[in-house]
Novice: 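Input: one structure, supplied below.
Throughout, residue positions are numbered sequentially from 1 according to the sequence presented.
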Amino acid sequence: MKRIHHLNCVRVVIPMNDDVIGHCLLIEENDQLVLIDTGVGIQDVENPDQRLGKDLIEAVGFQLDIELTAFHQIQKLGLNPAHVKHCIISHLDPDHTGGLADFPDAAVHCSTEELINFYSENPRYLQGHLTHHPEIIEYSASNKLWFGLEARRIHTGLETEILLIPLFGHTLGHCGVAIHWEGKWLLYVGDAYYLREELEDKYHPVSELTAARADDNEKRLESLEKLKELVREHPEIEVFGYHDREEFSKFTVGKGLVFCRP
C-alpha cells in the first residue's frame with residue numbers, strides 16, 4: 001500500500017484571514033511513514049507559554065488544538081506514530097517543527113543552509129524544538145537538476161523518490177519538497193508563497209506579509225520567479241504550499257484526506 005495523506009496541522013487567526021492552515025504531508029509506504037513538515041506539536045499545545053511563548057502565540061495568532069497535531073491525526077488514520085522514522089522539513093520555523101518532539105526516533109532532514117541559519121541566533125527560530133536531540137541529516141548544494149532547478153536527493157529508504165528543491169528567501173535555507181508519485185511529480189513549496197495568488201499577482205495584499213517575514217526578500221522574489229516559470233512551462237507538475245486553504249481542499253474534499261494507490 002502506498003498513500004499520501006494530506007494533514008492540516010496548524011490553525012492561525014490573523015486580521016486578514018481567520019483560517020490559516022498548515023498543510024503537512026504523510027507518506028505511507030507499506031509500514032513506513034515519512035512526515036513532511038510537522039505543524040504544531042503536543043508539547044506546544046500542553047505547555048504553550050514554555051514552548052512557544054506568549055509573545056509568539058499572540059504575534060502569529062496560533063489557535064492551539066491537540067486534535068490538529070500530526071501525532072493525533074496519524075492515530076486517527078489507524079496508523080502507528082512510532083512508524084514515523086523520517087521528518088523532512090522545508091524550514092525550521094516553529095509552525096513547521098513543533099511536532100518533531102512527538103516523533104523522537106525520527107531523523108530530521110533539512111538543508112545545510114537552514115541548519116546553519118537555525119544555529120545563527122536568528123530570533124525567528126525556537127531552539128527548544130530540537131532539544132530532544134534527533135538525528136539530523138543535512139543536505140548541501142548539489143549538481144543534480146530537476147526541471148532546471150537544483151535538487152538534493154533525500155535518503156529515507158523508501159522506493160518513492162523525494163528531493164529537496166532550494167527555494168531560498170523566506171529563510172536562508174528554505175526548500176520545497178518534490179515527490180515522484182504515480183508517474184507524476186508533486187512539488188510542495190512550503191512557505192515560498194503563502195497564497196497561490198502570489199504567483200499571478202505580485203501586488204497581492206499578502207505579499208507585504210511574506211516580504212516582512214523573509215530573511216532575504218530578494219531571494220524570496222527570485223524563488224517566486226522560478227516557481228512562476230515552472231508552473232508556466234510544466235503544468236503537469238502539481239504545485240502547492242503550506243498555508244493555502246484552497247490548495248489543501250483540492251486534495252482533501254471528497255477524497256478521504258488521501259492520495260492513494262491500492
Side-chain angles (χ1 to χ4, degrees), residues 2-7 9 22-29 32-39 84-93 96-97 106-115 137-194 196 198-199 219-220 222-244 247-248 250-252 258-261:
K2 285 182 63 176
R3 295 182 179 181
I4 296 181
H5 303 265
H6 295 261
L7 311 176
C9 298
H23 185 170
C24 301
L25 303 176
L26 180 72
I27 300 177
E28 177 187 359
E29 189 173 294
Q32 301 180 79
L33 300 175
V34 172
L35 188 59
I36 300 176
D37 281 340
T38 70
V84 176
K85 298 300 183 183
H86 301 275
C87 292
I88 300 168
I89 304 300
S90 63
H91 63 297
L92 293 165
D93 273 349
H96 296 253
T97 61
V108 176
H109 302 254
C110 67
S111 73
T112 297
E113 295 90 340
E114 186 65 5
L115 199 60
I137 302 175
E138 58 183 284
Y139 297 84
S140 56
S142 165
N143 292 324
K144 178 180 175 63
L145 293 179
W146 178 83
F147 296 99
L149 301 179
E150 182 194 342
R152 307 177 185 185
R153 187 181 300 275
I154 298 173
H155 306 290
T156 62
L158 298 186
E159 293 179 4
T160 302
E161 184 177 6
I162 310 175
L163 307 170
L164 276 183
I165 308 297
L167 295 170
F168 298 159
H170 178 69
T171 65
L172 299 184
H174 179 281
C175 290
V177 181
I179 306 164
H180 197 216
W181 191 262
E182 291 296 276
K184 65 177 289 186
W185 283 97
L186 311 177
L187 178 62
Y188 161 69
V189 304
D191 285 359
Y193 59 72
Y194 285 168
R196 179 66 170 250
E198 293 174 69
L199 296 181
K219 287 186 178 179
R220 181 189 72 85
E222 290 174 1
S223 293
L224 272 183
E225 289 302 317
K226 292 176 182 178
L227 288 175
K228 290 177 185 179
E229 182 177 355
L230 182 74
V231 169
R232 182 172 62 251
E233 296 188 358
H234 298 281
E236 73 278 9
I237 300 173
E238 187 79 53
V239 176
F240 56 96
Y242 188 64
H243 289 298
D244 194 307
E247 288 182 329
F248 180 71
K250 291 178 182 178
F251 294 104
T252 58
V258 298
F259 257 172
C260 66
R261 184 188 77 179

Novice: Could you check T171 against L92 for side chain to side chain contact (heavy atoms under 4.5 Å, CB included), going step by step and ending with a plain yes or no?
Specialist: CA-CA 9 Å; T171 65; L92 293 165; over 6 Å; no
Novice: Mind checking side-chain contact (heavy atoms from CB on, under 4.5 Å) for L172 and listing every partner two or more places apart, or none if nothing turns up?
Specialist: N117, D215, D216
Novice: Quick one, L35 with L33, criterion side chain to side chain contact (heavy atoms under 4.5 Å, CB included). Give me CA distance, side-chain angles, the key distance, then yes/no.
Specialist: CA-CA 7 Å; L35 188 59; L33 300 175; over 6 Å; no
Novice: Of all residues at least two apart in sequence or in a different chain, which pass the ring-ring contact (aromatic ring centres under 6.0 Å, His included) check with H180?
Specialist: W185
Novice: Kindly compute the distance separating CG (L149) from CG (L187), expressed to the nearest 0.5 Å.
Specialist: 8.0 Å
Novice: Give a yes or no answer on whether the side chain of Y139 reaches the backbone of H155 with a donor-acceptor pair at less than 3.5 Å.
Specialist: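 Between the backbone of H155 and the side chain of Y139 there is a qualifying donor-acceptor contact (under 3.5 Å).
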Novice: For R196, check salt bridge (charged side-chain N to carboxylate O under 4.0 Å, His left out) against everything at least two apart and list the hits.
Specialist: E247
Novice: For E161, give me all partners under salt bridge (charged side-chain N to carboxylate O under 4.0 Å, His left out), at least two apart in sequence or on another chain.
Specialist: R153
Novice: I want to check something: taking the side chain as every heavy atom from C-beta on, are I36 and I179 in contact at a cut-off of under 4.5 Å?
Specialist: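 Contact flag for I36/I179 side chains = yes.
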Novice: With no hydrogens and no angle check, is any side-chain donor or acceptor of S111 less than 3.5 Å from a backbone partner on G173?
Specialist: yes
Novice: Do E150 and S142 meet the criterion of a side-chain donor-acceptor pair at a distance under 3.5 Å?
Specialist: no
Novice: Calculate, to the nearest 0.5 Å, the distance between atoms CD1 and CG belonging to I89 and L164 respectively.
Specialist: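 Between atom CD1 of I89 and atom CG of L164 there are 10.0 Å.
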Novice: What closest approach, in Å, do E236 and K184 show between heavy atoms, and which atom pair accounts for it?
Specialist: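 Of all heavy-atom pairs spanning E236 and K184, the closest is O-CE, 3.9 Å.
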Novice: Determine whether F147 and E233 satisfy the following criterion, side chain to side chain contact (heavy atoms under 4.5 Å, CB included), listing intermediate values before the conclusion.
Specialist: CA-CA 9 Å; F147 296 99; E233 296 188 358; over 6 Å; no
Novice: Does S90 offer a backbone N or O that forms a donor-acceptor pair with the side chain of D37 under 3.5 Å?
Specialist: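 Between the backbone of S90 and the side chain of D37 there is a qualifying donor-acceptor contact (under 3.5 Å).
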Novice: Determine, for E229 against K226, whether the closest basic-nitrogen to carboxylate-oxygen distance falls under 4.0 angstrom.
Specialist: no
Novice: Rounded at 0.5 Å granularity, tell me how far CH2 in W146 sits from CG in L163.
Specialist: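 Atom-to-atom, W146:CH2 and L163:CG are 7.5 Å apart.
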Novice: Once ring-ring contact (aromatic ring centres under 6.0 Å, His included) is applied, do any residues pair with H86, and if so which ones, sequence neighbours excluded?
Specialist: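 By the ring-ring contact (aromatic ring centres under 6.0 Å, His included) rule, H86 matches H109.
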Novice: Walk me through it: do Y193 and L167 pass the test side chain to side chain contact (heavy atoms under 4.5 Å, CB included)?
Specialist: CA-CA 10 Å; Y193 59 72; L167 295 170; over 6 Å; no
Novice: Only counting residues at least two apart or in another chain, list the ones meeting ring-ring contact (aromatic ring centres under 6.0 Å, His included) with F168.
Specialist: none
Novice: Given H6, which partner from the list F251, Y188, Y242 fulfils the ring-ring contact (aromatic ring centres under 6.0 Å, His included) test?
Specialist: F251
Novice: Would you call R152 and E113 a salt bridge, taking side-chain N to carboxylate O under 4.0 Å as the test?
Specialist: yes
Novice: Of all the heavy-atom pairs spanning C87 and V84, show the shortest one and how long it is.
Specialist: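 Looks like SG-CG1, 4.0 Å.
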Novice: With distance as the sole test, does H174 use its side chain to make a donor-acceptor pair with the main-chain N or O of D191 at under 3.5 Å?
Specialist: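 Answer holds: yes.
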Novice: Could you tell me the separation between the NE2 atom of H5 and the CD1 atom of I27, rounded to the nearest 0.5 Å?
Specialist: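 Nearest 0.5 Å value for the NE2-CD1 distance: 10.5 Å.
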Novice: So, taking the atom named CG in L186 and the one named CD1 in I4, what distance separates them when rounded to the nearest 0.5 Å?
Specialist: 5.0 Å
Novice: Below 30° counts as parallel, above 60° as perpendicular, anything between as tilted: where do the rings of H91 and H170 land?
Specialist: perpendicular
Novice: Of all heavy-atom pairs between E29 and E159, which one has the smallest distance, and what is that distance?
Specialist: OE2-N, 2.6 Å
Novice: Between CD1 of I154 and SG of C110, what distance do you get to the nearest 0.5 Å?
Specialist: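 Reported value, rounded in 0.5 Å steps: 10.0 Å.
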